[in-house]
Structures are given as structure tokens and as C-alpha cells.
Amino acid sequence: MNQSNNKHVPGFDSKDIWQQDKDHHMHPWSDMHSVKEHGAIIMEKGEGCYIFDTNGKKYLDSVGGLWCNNIGLGRSDMAEAVAEQITQLSFNSTFNDLGSLRTAELAARIAELAPGNLNHVHFTTGGSTAIDTAHRLIELYHYVRGNTDKKQFISRENAYHGSTMVGASLGGKAGDRQSAHSYLNTIHHISNPNYYRAPKSMSEAEFLDMLVQELEDKINEIGADNVAAFFAEPILGAGGVVVPPEGYHQLTHEVCKKYDVLYVSDEVVTAFGRLGHWFASEDEFGIVPDIITSAKGITSGVLPLGACIFSDEIFETITADDSGVYFSHGLTYSGHPVCCAAALKNIEIIENEGILEHVKEVGPYFGEQLETLSDLAIVGDVRGSQLMRCIEFVADKETKTDFPEEFNIGKWVSDHADKRGLMIRPIVNLTVMSPPLTISKEEIDFIVSTLRESIIATMDELREKGLWGGDKGS
Ligand SMILES: Cc1ncc(COP(=O)(O)O)c(C=O)c1O
């Protein structure tokens with residue numbers, strides 16, 4: 001992304017700002033050389049589904065920030081709620097026996113909205129820290145029950161659970177594993193449930209059986225007495241918006257119950273409306289997990305907040321004896337009153353504006369319209385659910401042959417989309433989309449027509465450079 005030709009924008013010099021970012025801001029998850037060479041697009045303001053860079057260029061943000069802008073950018077009602085809380089109580093610690101009004105109110109509200117008996121919440125600063133909290137809580141739970149060997153965890157290939165030591169170790173995306181970093185060796189990965197990449201001869205039912213059996217085999221291989229928990233996103237997000245075969249979560253949940261393995265549903269992306277429900281675990285996938293981790297849409301990304309939501313059973317277990325069992329975990333900003341006020345306002349807005357119902361209306365439309373791109377020669381798979389969608393690009397549809405990873409083909413498409421005023425998220429050979437939940441059908445039409453143009457422009461460029469068989473293109 002190159003924004004070096006910035007014009008002067010009243011109020012600040014956009015060229016200076018661009019340079020300051022280039023010289024001093026280390027971006028997360030970035031190609032160090034590329035950002036150093038080309039700089040970044042610097043955003044100035046946002047309104048609803050739109051974001052504007054410092055040149056005044058307008059983009060439809062089909063990424064929803066980073067799966068988190070649920071209610072739309074720039075809302076004054078949210079600003080007022082946050083400002084009011086800052087004036088009333090801008091911070092207090094929730095360590096030990098301290099609390100705050102909004103924190104208690106939000107915990108109770110989440111207990112109401114969460115499935116089954118998930119009635120207890122530990123607040124964190126985001127998704128990764130909610131995952132760390134779950135890990136700590138699980139260790140404590142097994143410890144007080146005398147199961148001190150239960151220290152091994154199971155996750156899946158292509159999973160994404162964040163960027164802290166625990167989150168990164170649970171993560172299963174091969175490309176994310178950098179040799180510079182170390183990872184926990186107590187985490188084991190099983191196959192990801194992407195039927196598009198299943199062996200060609202396998203039916204979906206056979207694929208499902210294989211996945212469930214693999215989990216059971218993995219538990220037995222490690223030894224059930226050693227396995228503490230299974231972590232799973234209801235739909236794998238950053239790993240390619242993978243919707244598992246129907247029944248997958250119910251069957252894996254049953255396997256976990258059979259072996260006294262806790263089931264953690266990582267709803268950092270899927271909770272708070274993205275699939276048309278407060279939480280997807282039960283309403284969409286029919287399970288009540290032991291723990292749900294959540295973040296992002298909980299405040300619509302307005303302020304950083306995460307939540308580790310857990311069952312009565314876990315709560316009763318860790319609070320049962322009075323011998324001084326201590327939860328030695330927590331963050332300065334756990335239960336921050338201003339972030340909790342933002343979350344309460346966010347929930348109120350989602351409820352008052354019928355946003356969950358809106359998602360159920362526009363979500364299928366988004367899917368149908370994206371499907372129309374399947375006629376394009378490099379569109380291998382179009383998948384997802386409601387407002388969580390993905391396109392997988394391939395060099396050959398028949399054989400599902402990938403473009404070489406170093407092509408970073410998703411980035412080619414997103415560069416063409418940027419020029420046309422559409423932000424999409426490239427992940428190697430994928431384009432991932434998670435627009436604000438307030439998106440209209442007209443805006444969806446813009447996304448799909450701009451994507452078509454951008455994919456065609458990418459195919460033309462590939463042909464021009466002689467990097468792809470032009471006669472195969474449409
Ligand atoms: C499923 C899932 N879990 C955890 C995380 C980590 O959240 P955060 O970036 O807020 O730490 C993410 C972030 O994208 C996520 O998608």
C-alpha cells in the first residue's frame with residue numbers, strides 16, 4: 001500500500017503523518033520490509049461502513065475493521081455513553097474485592113445472553129488475553145479437582161486464537177509460525193474441518209466421521225488423564241472462514257464430555273451478532289460449551305475488551321473449598337469501567353436497532369451474491385455464513401492447485417479493490433470479509449461488483465506477466 005503522494009489536508013500535513021508512521025510505528029502482523037519500503041494507508045475518519053484516508057479517499061470497509069466494527073463507525077450515541085462513563089468513573093481496579101457499577105452490570109447482562117449455565121465472566125483486554133484466561137482457568141479447575149496431570153491442550157490446524165504465548169501456540173496456521181519465536185509444547189493440533197480441502201473421494205459424512213475419530217484418537221494418544229481442553233472457533237476465521245460439516249461441534253463436544261475434556265468455544269469473532277446471534281455456539285451449532293471466549297464485537301471495536309465466560313460447574317468447583325484457592329491471574333484493565341460502558345451501549349444499540357434480525361436478512365443475500373463470482377477462473381471456493389465470508393483463489397479449479405504462496409494472490413486482488421474504494425482482507429490465497437452488521441443490500445452489491453472487477457484485473461495482470469495460463473481464464 002503506497003500513499004506517498006499525499007496532498008495537504010486541512011488540519012494536518014498528510015505526507016508528514018505518513019512519514020511519521022513509516023519511520024516510527026511498528027505495525028502488527030506486517031511484512032517488515034514492505035511497510036518500511038512502501039509505508040501504510042493512514043486512515044483519518046470513519047462513518048458507518050465507510051472509512052476515509054488522509055487523502056480524503058473513501059473506502060467501503062468490508063473487513064469491519066478486523067471482524068469487530070459491528071454497529072458502524074463514528075456513532076455519537078456511543079461517544080456520549082463513553083464520555084459519560086469517563087466523567088463518572090474513568091478507572092478503578094477490579095482486583096480482589098473491588099468492583100465497579102458498569103462491570104457488574106455487563107457481567108450480569110452477558111450471563112443473560114450467553115447459552116446454558118455460562119453465568120460467570122472474567123474481563124480481559126481483548127481476544128488473546130481471553131484465551132490466556134481460559135487456559136489459566138482450566139488449569140485451576142483441573143488442579144482443584146486433583147487432576148493435576150491434565151495440562152495438555154488440543155487445537156486445530158489453521159486455527160487462530162490470538163498472539164500471546166498461549167494464543168499463538170494454540171494457533172494452527174503454518175505461515176504464522178516464525179522460527180524466531182517459541183511456542184508451548186503442551187498443545188496438539190488436529191485437522192481443520194475444511195471440506196473443500198478434504199480428499200476428493202471422501203463424502204462430507206465420511207469427512208466428518210474422520211474428524212471426530214481423529215479427536216478421540218488424539219485424546220487417547222495423549223492419554224485422557226492428561227488432556228485438559230479442546231479449543232475451537234465455531235467457524236475458523238483467519239484460517240479461512242471454514243464452516244465445519246453439520247454436526248461437527250455436537251459430535252466433538254460429545255467426545256470431550258466422554259473424556260472429561262473441557263470444550264472452549266472461541267467466539268472472539270462469532271459472538272455479538274456476526275452470525276445473527278448473541279453467541280453462535282448454541283443458537284447456530286447446538287452446543288453449550290464449558291467456556292466461551294469473546295472480544296471484538298463486544299464493544300464493536302470502540303474500546304478494547306475481551307471476556308472469558310464460564311459455566312456454573314467451573315465456578316462451583318473453583319470456589320468450593322475455603323483453603324485459599326487463588327486465581328493468580330488478572331490484568332490492570334480487567335473489567336475497565338469505560339470499556340464495559342461501551343459494551344453495554346453496544347448491546348443496547350444491537351438490540352434497539354434489530355441488528356441481529358438485519359444480519360439474518362442480509363447475510364444470506366451476501367452469500368448468494370458472492371456465489372455469482374464462482375464463474376471466474378481463479379475463484380475456487382466461496383464459503384462462509386451470514387456476515388463472515390471468504391473467497392479462496394486457485395490457479396486451477398479442477399485440481400484445486402494453489403498459486404505459489406509467495407504470489408500472495410489475495411493481496412493482488414485487495415490492491416485492485418483498494419484502488420476502487422473497497423477494503424477487503426487478503427490472507428495469502430484468500431479474501432476475507434466481515435462487514436459492519438449494519439451493511440445494506442446496496443452496499444453488498446458494491447462489494448460484489450467491485451470484487452468482480454478486482455479479480456478480473458488480477459487475472460489480466462497475471463496473464464500479462466506470464467504467470468498464469470491465460471487460456472484458462474474467463
Ligand atoms: C478467533 C479469535 N480468537 C482470538 C483472537 C485474538 O484476539 P485479539 O486480537 O483481540 O487479541 C482473534 C483475533 O482475530 C480471533 O479471531
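One-based numbering, in listed order, for ligands and for the atoms of each.
Taken from CG in Leu236 to CE in Met388, the straight-line distance is 8.0 Å, to the nearest 0.5 Å.
Contact residues for ligand 1 (protein heavy atom closer than 4.0 angstrom to any ligand atom): Gly126, Gly127, Ser128, Tyr160, His161, Gly162, Glu233, Asp266, Val268, Val269, Lys296.
Counting only residues at least two apart or on different chains, the side chain to side chain donor-acceptor pair (under 3.5 Å) pairs with a member in residues 63-74 are Asn70-Arg274.
Defined by atom type and a distance below 3.5 Å, a donor-acceptor pair is present between the side-chain atoms of Gln213 and Asp217. For the residue pair Asp266 / Thr293, a side-chain donor-acceptor distance below 3.5 Å is found, with atom types taken as modelled.
Every residue two or more places apart in sequence or in another chain that forms a side-chain contact (heavy atoms from CB on, under 4.5 Å) with Tyr248 is listed here: Arg156, Pro193, Leu208, Leu211, Phe230, Pro244, Pro245, Thr252. With sequence neighbours left out, the salt bridge (charged side-chain N to carboxylate O under 4.0 Å, His left out) criterion links Glu157 to no other residue.
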